[in-house]
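Chain letters run A, B, ... following the sequence lines, proteins first and then strands; every chain starts at 1.
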2 protein chains.
Amino acid sequence: MKYVSENNIFQEERREEILKILDKKNRISTNDLIEKFNTTAVTIRKDLAVLEKSGALKRTHGGAIKNNQLFRGLALTEKEKIFLDEKLRIVKEAAKLIKEGDTIILDSGSTTNLLAKEILNKKNITVITNALNIAVELINSNIEVILTGGNLFKDTLTLIGPLAETVLKRLSSGKLFLGTDGIDFEHGLTTPNINEASTTQTMINVSGEIILLADESKFGRRSLAVISKIEKLDKIITTKKMTDTELSMYEKLGVKITTV
Amino acid sequence: MKYVSENNIFQEERREEILKILDKKNRISTNDLIEKFNTTAVTIRKDLAVLEKSGALKRTHGGAIKNNQLFRGLALTEKEKIFLDEKLRIVKEAAKLIKEGDTIILDSGSTTNLLAKEILNKKNITVITNALNIAVELINSNIEVILTGGNLFKDTLTLIGPLAETVLKRLSSGKLFLGTDGIDFEHGLTTPNINEASTTQTMINVSGEIILLADESKFGRRSLAVISKIEKLDKIITTKKMTDTELSMYEKLGVKITTV
DNA sequence: GTTTACTTTCGTTTACTTTCGTTTTGCAAT
DNA sequence: ATTGCAAAACGAAAGTAAACGAAAGTAAAC
């Protein structure tokens, strides 16, 4: 029999290791774990049961799969992951627009979050944001971070409300990088949260160049709250291949399209 | 038997050494520590228990592993840990002052950070703070969190500067819980950071009752930047046992002293 | 209906907690 | 100085809890 001291690994470590594997591979079989940790099925199953109860993974017959809800703030949802490659192409393009000495606003959202990761090693940049996870992501780099204040929303770790707008109104930014839930010729940019829409509007008002980051899935979609009309935008970076008709419509509104 | 003087190592040194090992190796077993320090399991476990309570590591069955804290700021520094027990007594007393329905401001600092942990299960409270780690600590409870905006300081994860003050000026709070670096009859409350002093002043201006949390080590100390005179305070919760002379001096200034 | 995976129960081993007594130290009164 | 007292550090011992796996029974997959 193997007990903690004789063995070379603590229970806690084994469980952390299981989560790490899941983080990389998304799935893991009980048998693989038995072999890896040189232990029995009972032990592994107990680990999986505990980890499932804590919400860290989801058990299946034969093993376990990733549970996406663990990192609500930072991680992407399943839906968002489908478009991860698209988003990555978009943010790489967006990062090119950020030059030394720039002051930019990063709106909260999964795509702008990725953009934050992308600009980590740029120097002499000031980032204004209302997203706590973006702020935390950037703070260990050489980037100066300004957080808007406001009411902290639990689900998205985002600061919104009148206080956020008060702060934004006292600032001025060269470029604004914006996410959106939906973009539509008739309704413009929309988002599910009314308060968020208002805060985003303020961001638009204090920024020079407005750049929308929108993967293909966002087009033609419409949510509850209107953020702004399309003509407020200066640029859209997207993965959607536009038809000539569409391109000319955007051109008329003064919006430049970059497809990546 | 080996006691401090006969032995070649002090308790404090042993604990620091444990942390150093963890810093390098990420894990350590109780048995290894027993051997290394030539002591008993009880002693080692007491050390680990204390270090875990201070947030420096995470105990496991069989030893301890590194505490992978998301926010470095959350952990107390070695210096701060020395006064941990004092601080805990102070925050327990302070927590009694916070009632359902209250709106309070928590200044940034190690003691107020502990206070945040202490009030986690209170309900229907609104907390205004400029400390990111306090905000993150509280957000998963039922407490409404308002963050001041401002420039994010890397070392302390604190929001300070004119923007923070702009937000604070638009708010009003029943009670302010304040930490300080030094308190002194001649110079009042002082702190090493000039910008922070200004933000704290604003907190004082928008709050009803000003409550200072100060362990014994803070008295008679003086830092660079002055926050306010002592008479601005309504209450000091401290571990320092005051002499009658001191008590009457504070009384003259209208400051109530609670010694815990 | 067979195979494989899983759950539950139980016993063993190791680790942990608690209680209590001893030694040392710091502090204060004389 | 010295004496007396309280607190801290440590460890021994006894009791408690956790980790693990074997075995037997149950559920799921195909």
Side-chain angles (χ1 to χ4, degrees), chain A residues 1-19 21-22 27-54 56-65 67, chain B residues 1-19 21-22 27-54 56-65 67 81-89 215-217 239-244 259-260:
Chain A
M1 272 189 237
K2 284 189 182 168
Y3 296 88
V4 176
S5 67
E6 299 177 33
N7 206 335
N8 49 4
I9 192 164
F10 300 135
Q11 184 188 61
E12 196 75 24
E13 292 178 303
R14 195 178 55 234
R15 290 178 182 171
E16 275 179 21
E17 191 64 29
I18 291 173
L19 290 183
I21 294 169
L22 269 184
R27 68 187 301 283
I28 186 77
S29 80
T30 310
N31 284 332
D32 286 353
L33 288 171
I34 290 168
E35 206 175 320
K36 180 172 170 62
F37 295 116
N38 189 29
T39 180
T40 64
V42 178
T43 301
I44 293 300
R45 291 197 183 102
K46 263 181 200 154
D47 286 345
L48 297 181
V50 169
L51 290 171
E52 177 171 52
K53 210 172 182 185
S54 81
L57 53 75
K58 193 173 176 189
R59 289 184 73 184
T60 62
H61 196 89
I65 58 172
N67 187 349
Chain B
M1 273 188 236
K2 284 188 183 167
Y3 295 87
V4 177
S5 67
E6 299 178 33
N7 207 334
N8 50 2
I9 191 165
F10 298 126
Q11 184 186 60
E12 199 64 31
E13 292 177 302
R14 195 178 55 234
R15 290 179 182 171
E16 276 177 24
E17 189 64 28
I18 291 173
L19 291 182
I21 294 170
L22 266 185
R27 75 190 297 281
I28 186 76
S29 79
T30 310
N31 286 332
D32 286 355
L33 287 171
I34 290 168
E35 208 174 317
K36 180 173 170 60
F37 295 116
N38 189 30
T39 179
T40 63
V42 177
T43 301
I44 293 299
R45 291 197 183 103
K46 262 180 201 154
D47 286 344
L48 296 182
V50 169
L51 292 171
E52 177 173 51
K53 208 172 179 188
S54 79
L57 52 76
K58 188 174 179 187
R59 289 185 74 184
T60 64
H61 196 89
I65 57 176
N67 192 353
K81 265 177 231 153
I82 298 172
F83 300 102
L84 183 62
D85 277 352
E86 291 192 36
K87 284 175 206 274
L88 282 173
R89 293 212 304 280
D215 60 72
E216 197 166 348
S217 71
T239 46
K240 181 173 157 69
K241 281 165 196 64
M242 301 284 180
T243 64
D244 286 348
T259 301
V260 289

I'd like a list of close polar pairs between nucleotides 25-30 of chain D and the protein, N/O only, cut-off under 3.5 Å.
none

request  = Taking atom CD of B/Glu35 as the centre, report whether more than 12 heavy atoms of other residues, nucleotides or ligands fall under 6.0 Å from it.
outcome  = no
ask   = Do side-chain atoms of B/Ser29 reach the backbone of B/Gly63 as a donor and acceptor pair under 3.5 angstrom?
value = no
ask   = Expressed in angstrom and rounded to an integer, what is the separation of A/Asp32 atom CG from C/dA5 atom P?
value = 11 Å
Minimal non-hydrogen separation, A/Phe10 against B/His61, with atom names = CD2-O, 3.7 Å
ask   = Counting only Watson-Crick or G-U wobble pairs whose two distances fall under 3.5 Å, which nucleotide matches D/dG4?
value = C/dC27
query = Checking all strands, does A/Ser29 fall into the base, sugar-phosphate, or nothing category for heavy-atom contacts under 4.0 angstrom?
reply = nothing
remark   = Whole-Å distance, A/Asp47 CG to D/dA18 C1', equals 13 Å
request  = Output the single nucleotide from D/dC20, D/dG11, C/dC16 whose closest atom is nearest the side chain of A/Arg14.
outcome  = D/dC20
ask   = Counting only side-chain N and O atoms of B/Thr43, is one of them less than 4.0 Å from OP1 or OP2 of D/dA9?
value = no
query = Is there a side-chain polar atom (N or O) of A/Gln11 under 4.0 Å from OP1 or OP2 of D/dA18?
reply = no
query = Is A/Arg59 atom CZ crowded by more than 12 heavy atoms from other residues, nucleotides or ligands, each under 6.0 Å away?
reply = yes
query = Within a strict 4.5 Å, meaning less than it, do heavy atoms of the A/Leu57 and A/Ile18 side chains meet?
reply = yes
inquiry  = Which heavy atom of B/Thr239 sits nearest to which heavy atom of B/Arg89, and what is that distance?
reply    = CG2-NH2, 3.5 Å
inquiry  = Whole angstroms only, please: what is the CG-P distance between B/Asn38 and D/dC10?
reply    = 12 Å
key: Among D/dC20, C/dA5, C/dC16, the nucleotide that comes nearest once only the side chain of A/Asn31 is considered   = C/dA5
request  = Indicate whether OP1 or OP2 belonging to D/dG21 is found under 4.0 Å from a side-chain N or O atom of A/Thr39.
outcome  = yes
message = My understanding is that a pair needs two contacts under 3.5 Å, Watson-Crick or G-U wobble. By that rule, which nucleotide pairs with D/dC30?
response = C/dG1
key: Proximity to the side chain of A/Arg59 - top-ranked nucleotide from D/dG11, D/dA19, C/dT7   = C/dT7
message = Suppose we define a pair by two distances each less than 3.5 Å, Watson-Crick or G-U wobble; what does D/dA23 pair with here?
response = C/dT8
inquiry  = I want to check something: taking the side chain as every heavy atom from C-beta on, are A/Asp47 and A/Gln11 in contact at a cut-off of under 4.5 Å?
reply    = yes
key: Nearest-neighbour nucleotide for the A/Val42 side chain, D/dG21, C/dA15, C/dA5 considered   = D/dG21
note = Separation of C/dT9 atom C1' from A/Arg45 atom CZ, nearest Å, is 16 Å
request  = Provide, to the nearest angstrom, the distance between the CD1 atom belonging to A/Ile44 and the P atom belonging to D/dA19.
outcome  = 14 Å
query = With both distances under 3.5 angstrom, what nucleotide forms a Watson-Crick or G-U wobble pair with C/dT13?
reply = D/dA18
task = Provide, to the nearest angstrom, the distance between the CD atom belonging to B/Glu13 and the P atom belonging to D/dC10.
result = 11 Å
Length of the line joining A/Leu33:CG and D/dG21:P, which is rounded to integer Å = 13 Å
ask   = Just by distance, do the side chain of A/Glu12 and the backbone of B/Thr60 share a donor-acceptor pair under 3.5 Å?
value = no
key: Rounded distance (Å) that lies between atom C1' of D/dA22 and atom NZ of A/Lys46   = 11 Å
